[in-house]
There are 2 protein chains.
Amino acid sequence: MVRASATAEEPLSSELIRAAGVKVTRGRVRVLDALRAARQPLSHAEMEALPAGAGDAAIDRVTLYRVLDSLVACGLALKAVDTRGVFRFSAAGAQRQHAKHVHFRCTGCGGVFCLKAEPPPPPRLPRGFRLQQVEFDLRGLCAGCGALAS
Amino acid sequence: MVRASATAEEPLSSELIRAAGVKVTRGRVRVLDALRAARQPLSHAEMEALPAGAGDAAIDRVTLYRVLDSLVACGLALKAVDTRGVFRFSAAGAQRQHAKHVHFRCTGCGGVFCLKAEPPPPPRLPRGFRLQQVEFDLRGLCAGCGALAS
DNA sequence: CCACAAATGCAACAGTGTTGCATTTGCAGG
DNA sequence: CCTGCAAATGCAACACTGTTGCATTTGTGG
Ligand SMILES: [Mn+2]
Ligand SMILES: [Mn+2]
Ligand SMILES: [Zn+2]
Ligand SMILES: [Zn+2]
């Protein structure tokens, strides 16, 4: 069963895209759906390997780059570099929930893991400084990469 | 005049390399000298473009990668990814002092401010994860940029 | 000085991301 | 429903960053 309309909590990706003022294409809908369903930021390579939706042809490599850039340009996705130097993308709305916990960034595979711990309270800032974001990142090797390296 | 011996504050790069237990080669000395003289972390491309020291041939591209990796492996250099996804290297001594305190990164001017506070202890990690580095960064506007924006 | 492991130079390759251009498609307006 | 056109796509070719294999050279302990 395919949902045909929006709910307050989960507007359809196609509606978000239309509201952003760009054309609604199959590629953009599929990519934004994937970003919104993902639990971690996804790299281009990971998204290229996504199972092609029923009957849909795989998205062209270059088109995927351009779809991702367009989603970033219209504010629906965020782009950040991982520890290996590869860009990772996330749905813009997903950022809020990740502000509440700490992340582990694997220097081996670039993966981002959400930890249960919440970030510690920020220290006092010098006069006039305005805090916008607290980033408490742990870096190292995840279980998979650590096993390979040992 | 070429210094032939170390001082307590500035040991020769060749002595640091020897003490690290690896062979002292022209490439390693030149690269470590460059890293120690640099005021910001340098990328591979930037170091490849360094003026070749008097009468010295330019370092081979692949050798430069391997020299950088060897300096990182023996603890004399640090490797981190920049915002474009390119690796940058710095002399270890230059960063060691920054490991003991928290940083504020201004999203307005890009400035990095060293705060007095020390980073909080890391939370427990999932089984098999290996912690290498803790990064507690605060992001926002510094006093100068905040005044301009208001 | 010698032997030998470590380091180098070179060629080829892999992964990530970009550009140019011809073709297709979303969609606004009739 | 058409139709036109800007926007988006697919494909080939390219640029940049980094790695691997292998023959040759070099640093260093003895
Ligand atoms: Mn998270
Ligand atoms: Mn500092
Ligand atoms: Zn990993
Ligand atoms: Zn600032």
Side-chain angles (χ1 to χ4, degrees), chain A residues 12-32 41-50 52-53 56-74 76-77 79-89 106-111 145 148-149, chain B residues 12-32 41-50 52-53 56-74 76-89:
Chain A
L12 289 177
S13 292
S14 57
E15 290 167 352
L16 291 174
I17 293 166
R18 194 180 313 278
V22 296
K23 288 186 180 176
V24 179
T25 66
R26 241 171 313 149
R28 282 182 182 148
V29 173
R30 273 173 61 190
V31 169
L32 185 53
L42 300 176
S43 67
H44 174 277
E46 286 164 354
M47 306 192 73
E48 208 180 357
L50 282 180
D56 278 334
I59 301 181
D60 176 75
R61 224 174 61 83
V62 175
T63 300
L64 178 53
Y65 277 114
R66 294 199 268 227
V67 162
L68 287 167
D69 282 345
S70 75
L71 292 178
V72 170
C74 69
L76 292 174
K79 182 180 186 179
V81 177
D82 75 13
T83 55
R84 291 176 325 175
V86 174
F87 290 117
R88 285 178 176 269
F89 301 83
C106 178
T107 55
C109 65
C145 292
L148 294 179
Chain B
L12 289 176
S13 291
S14 57
E15 291 167 351
L16 291 174
I17 293 166
R18 195 181 310 279
V22 297
K23 287 186 180 177
V24 179
T25 67
R26 241 169 309 147
R28 281 184 181 145
V29 173
R30 273 173 60 190
V31 169
L32 185 53
L42 300 177
S43 67
H44 175 278
E46 287 165 353
M47 307 191 72
E48 208 182 357
L50 281 181
D56 277 334
I59 302 181
D60 176 76
R61 222 173 64 83
V62 176
T63 300
L64 177 54
Y65 277 114
R66 293 200 268 227
V67 162
L68 288 167
D69 282 346
S70 75
L71 292 177
V72 170
C74 70
L76 292 175
L78 295 178
K79 183 180 186 178
V81 75
D82 73 12
T83 55
R84 290 176 331 180
V86 174
F87 290 116
R88 288 181 173 269
F89 300 84

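A note on names: the letters A, B, ... follow the listed sequences, proteins ahead of strands, and every chain is numbered from 1.
Between the CE atom in B/Met47 and the CG atom in B/Leu64 there is a gap of 6.0 Å [rounded to 0.5 Å]. Rounded to the nearest 0.5 Å, atoms SG (A/Cys74) and CD1 (A/Ile17) are 7.5 Å apart. To the nearest 0.5 angstrom, A/Leu76 atom CG is 6.0 Å from A/Leu32 atom CG.
Separating the CZ atom of A/Phe87 from the P atom of C/dT18 is a distance of 7 Å, rounded to the nearest angstrom. Atom CZ in A/Arg88 sits roughly 10 Å away from atom P in C/dT16 (whole-Å rounding). Taking atom CD of residue A/Glu48 and atom P of nucleotide D/dC11, one finds them 12 Å apart after rounding to whole Å. Between the CZ atom of A/Arg18 and the P atom of C/dT25 there is a distance of 18 Å, rounded to whole Å. Taking atom CG of B/Asp82 as the reference point, atom P of D/dC16 lies 16 Å away to the nearest angstrom. In this structure, B/Leu64 atom CG and D/dC16 atom C1' are separated by 15 Å, rounded to whole Å. The nearest whole Å value for the distance from the CD1 atom in B/Ile17 to the P atom in C/dA6 is 17 Å. Spacing between atom CZ of B/Arg28 and atom C1' of C/dA6 amounts to 8 Å, rounded to whole angstrom units.
Across all their heavy atoms, B/Ser70 and B/Arg28 have their closest contact at OG-NE, 3.0 Å. Across B/Val81 and A/Val81, no two heavy atoms sit closer than the pair CG2-CG1, 3.9 Å.
As judged by a 4.0 angstrom heavy-atom cut-off over every strand, B/Thr63 is placed among the base-contacting residues. Within the nucleic acid shown, B/Arg84 has no heavy atom closer than 4.0 Å to any nucleic acid atom.
The residue among B/Asp69 and B/Lys23 whose nearest nucleotide of DNA chain D is located toward the 5' end is B/Asp69. Where B/Thr25 and B/His44 each meet DNA chain D at their nearest nucleotide, the meeting point lying more 5' is that of B/His44.
For a distance-only test at 3.5 Å, the side chain of A/Arg61 fails to qualify as a donor-acceptor partner of the base of D/dG10. Applying the 3.5 Å distance criterion, the base of C/dG9 shares no donor-acceptor pair with the side chain of B/Arg26. For A/Arg66 against C/dG17, no side-chain N or O and base N or O form a donor-acceptor pair under 3.5 Å.
Listed nucleotides C/dA11, D/dA12, C/dT16 differ in distance to A/Tyr65; the shortest reach to its side chain belongs to C/dT16.
For C/dT16, the OP1/OP2 oxygens have no side-chain nitrogen or oxygen of A/Ser43 closer than 4.0 Å.
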